[in-house]
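Here is the structure we will look at, set down as structure tokens.
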Amino acid sequence: MPKVLVTGGLGFIGSNFVRHLIAARPSWTIVNLDARTYAGNPANVADLPKSRHRWIKGDIADAKAVDKAMAGCELVVHFAAETHVDRSILDASAFLKTNVIGTQVLLDAALRRKVRRFLHVSTDEVYGSIPKGLSKEGDLLEPNSPYAASKAASDLVVRSYFVTHRAPVITTRASNNYGPYQYPEKALPLMITNFMEDRPFPMYGDGRQVRDWLHVQDHARAILHVLEKGALGDVYNIGGSYTCENRELISKVLELMGKDARLVARVEDRKGHDRRYALDCGKLKRLGFRHAYDFERGLRETIAWYRAHEAWWRPLKTAGGYRSYYKTQYRKK
Ligand code: TYD
């Protein structure tokens, strides 16, 4: 009956993973350590059974809180991170503290507690922008945003703990996630909810940046697969089932929602905006993983979810913190 520590399990990907784990591994119990920052939301896990899942409020950079939460856990899946590139451009300090120091604090606790497996969740953004081809796990890390740099730094700390201390670590690097419970500052939920309100979506620059779209439930399934079957010390890319330019994505969403192209507002580009991400996922496939979602279905379901869950996202968009971020971020654009 494994007990798993999930960090950041009130966030978008973390809460989807917790939800998947509860359904897929009925004998496992979950300790969810989450600081409940602006992007963490207890509502994301409110319906999950208390007998299987317990949320502990705490910061991963706080060694005492981490040590206590990890007691009795044989597995750790580490999601907790500051993740929004635009916020890291406005102020990088929380990114360095949580993503780098937080990861080191967790690794030290995992060594002390003799955890059996520690899965570190990372991102394709650590490879930087690639004009063509696919990024492989052994490629150079060339992060361009403060967010990507903080994740690359954490990946290297994880690597060093494997080489130096033989820590039982595995790293996964995923592409852009989409699906239910994504905080509406990221491109897709911002687009869907703005269109629902007949408000424009601010498209950065020429909209020809390429992203690879991964349904969050496929991501959750892939993480569990790698946690159970992956080799210690290894890195696994987790890409999606669809790659496209932002302007194509916007057109698709407009069409599916029956909205007009006048809702697209072209605004000043993001500083240092990565042009293209694309992952080689051969290693994950060789480990036996297969996607369940195709993008068309995933996108339709995601739009339907935001339509059916206005009570979930509207309070987030009307909160003071969101409004002041939105003003700062888009005012000058
Ligand atoms: P985002 O969801 O922030 O993910 P990432 O930057 O980590 O890939 O953005 C996805 C793409 O959408 C990215 O190329 C930036 C672009 N984008 C916009 O054009 N306008 C926006 O308001 C946002 C938030 C993103």
Side-chain angles (χ1 to χ4, degrees), residues 11-13 38-39 79 81-90 92 95 99 121-131 135 142-152 173-197 199-216 219 237-240 242-254 261 263-279 295 298-299 302 306 313 316-317 322-323 325-333:
F12 164 47
I13 307 176
Y38 76 94
F79 293 93
E82 292 291 337
T83 65
H84 192 36
V85 172
D86 291 323
R87 286 189 191 251
S88 81
I89 295 168
L90 294 171
F95 289 74
N99 301 2
V121 178
S122 190
T123 166
D124 57 1
E125 304 199 21
V126 298
Y127 298 116
S129 193
I130 56 158
S135 298
E142 294 185 300
N144 294 318
S145 70
Y147 160 65
S150 71
K151 290 302 286 186
R173 295 186 181 135
S175 59
N176 284 62
N177 277 229
Y178 73 100
Y181 300 104
Q182 189 169 26
Y183 188 81
E185 66 180 354
K186 295 282 171 74
L188 200 50
L190 179 65
M191 198 183 299
I192 296 169
T193 56
N194 275 12
F195 289 167
M196 279 178 71
E197 300 174 296
R199 289 170 56 190
F201 172 71
M203 181 180 83
Y204 295 161
D206 62 4
R208 300 196 62 184
Q209 303 81 9
V210 174
R211 295 291 184 270
D212 165 348
W213 294 95
L214 169 66
H215 193 279
V216 67
H219 190 192
N237 286 342
I238 306 176
Y242 191 74
T243 301
C244 68
E245 290 184 353
N246 290 341
R247 56 182 193 166
E248 288 172 47
L249 176 71
I250 298 167
S251 300
K252 255 186 198 296
V253 175
L254 283 171
L263 284 181
V264 182
R266 193 170 160 163
V267 300
E268 190 189 310
D269 208 351
R270 173 187 276 172
K271 288 182 191 168
H273 198 170
D274 281 340
R275 211 58 193 160
R276 179 174 176 271
Y277 303 133
L279 288 176
F295 188 62
L299 189 57
T302 302
Y306 280 91
W313 61 261
L316 302 178
K317 282 186 97 169
Y322 182 91
R323 283 151 78 118
Y325 162 74
Y326 203 87
K327 258 202 203 141
T328 315
Q329 174 59 19
Y330 296 103
R331 185 187 43 205
K332 52 189 193 313
K333 290 198 182 282

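Ligands are counted one by one from 1 in listed order, and the atoms in each one are counted from 1 as well.
Between His215 and Tyr178, the ring planes lie perpendicular to each other; the angle is over 60°, past the 30° to 60° tilted range.
Interface of Met203 with ligand 1, defined as ligand atoms under 4.0 Å from a residue heavy atom, comprises 19 (O).
Here Glu185 has backbone heavy atoms under 4.0 Å from ligand 1, and that is the only part of it that gets that close. Contacts of Leu190 with ligand 1, taken as heavy-atom pairs under 4.0 Å, involve the side chain alone. Within the 4.0 Å heavy-atom criterion, the part of Phe201 lying near ligand 1 is the side chain and not the backbone.
The two residues Ala265 and Pro200 come nearest to each other via the heavy atoms CB-CB, 3.9 Å.
Considering only non-hydrogen atoms, atom 8 (O) of ligand 1 lies nearest to Arg211 out of Arg275, Arg276, Arg211. Here the shortest heavy-atom distance to atom 2 (O) of ligand 1, taken over Ser88, Ala187, Ala148, belongs to Ala187. Between Tyr204, Tyr326, Tyr277, Trp213, it is Tyr204 that holds the heavy atom closest to atom 19 (O) of ligand 1.
Taking 4.0 Å as the cut-off, Met191 does not count as a neighbour of ligand 1 on heavy-atom distance. At least one heavy atom of Tyr330 sits closer than 4.0 Å to an atom of ligand 1.
The protein atom (non-hydrogen) at minimum distance from atom 20 (N) of ligand 1 is Pro202 O, 2.7 Å. Among all non-hydrogen protein atoms, the one lying nearest atom 6 (O) of ligand 1 is Arg270 NH1, 2.5 Å. Ranking the protein heavy atoms by distance from atom 5 (P) of ligand 1 puts Glu125 OE2, 3.5 Å first. When hydrogens are left out, the protein atom nearest atom 4 (O) of ligand 1 is Asn176 ND2, 3.3 Å; that is the closest non-hydrogen contact.
At a cut-off of 3.5 Å, with distance as the only test, a side-chain donor of Asn237 or Tyr127 sits close to an acceptor on the other residue. Side-chain contact of Asn144 with Lys271: a donor-acceptor pair under 3.5 Å is absent, judged by distance alone. Checking Tyr38 against Glu185 by side-chain atom types alone, a donor-acceptor pair falls below 3.5 Å. Asp274 and Tyr277 are linked by a side-chain donor-acceptor pair at a separation below 3.5 angstrom, with hydrogens and angles left out of the test.
Taking the six-membered ring wherever Trp is involved, the centroid distance between the rings of His84 and Tyr147 does not fall below 6.0 Å.
Ligand 1 has no N or O atom lying under 3.5 Å from any N or O atom of Lys186, backbone or side chain. When only interatomic distances are considered, the shortest N/O to N/O separation between Gln209 and ligand 1 does not fall below 3.5 Å.
Salt-bridge check for Arg173 with Glu125: failed, with every basic side-chain N at 4.0 Å or more from each acidic carboxylate O. Between Glu245 and Arg211 no salt bridge is recorded (no basic side-chain N to carboxylate O distance below 4.0 Å).
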For this session: Evaluate salt bridge (charged side-chain N to carboxylate O under 4.0 Å, His left out) for Arg275 paired with Asp206, printing each intermediate quantity in order.
Result: CA-CA 10 Å; Arg275 211 58 193 160; Asp206 62 4; 2.6 Å; yes
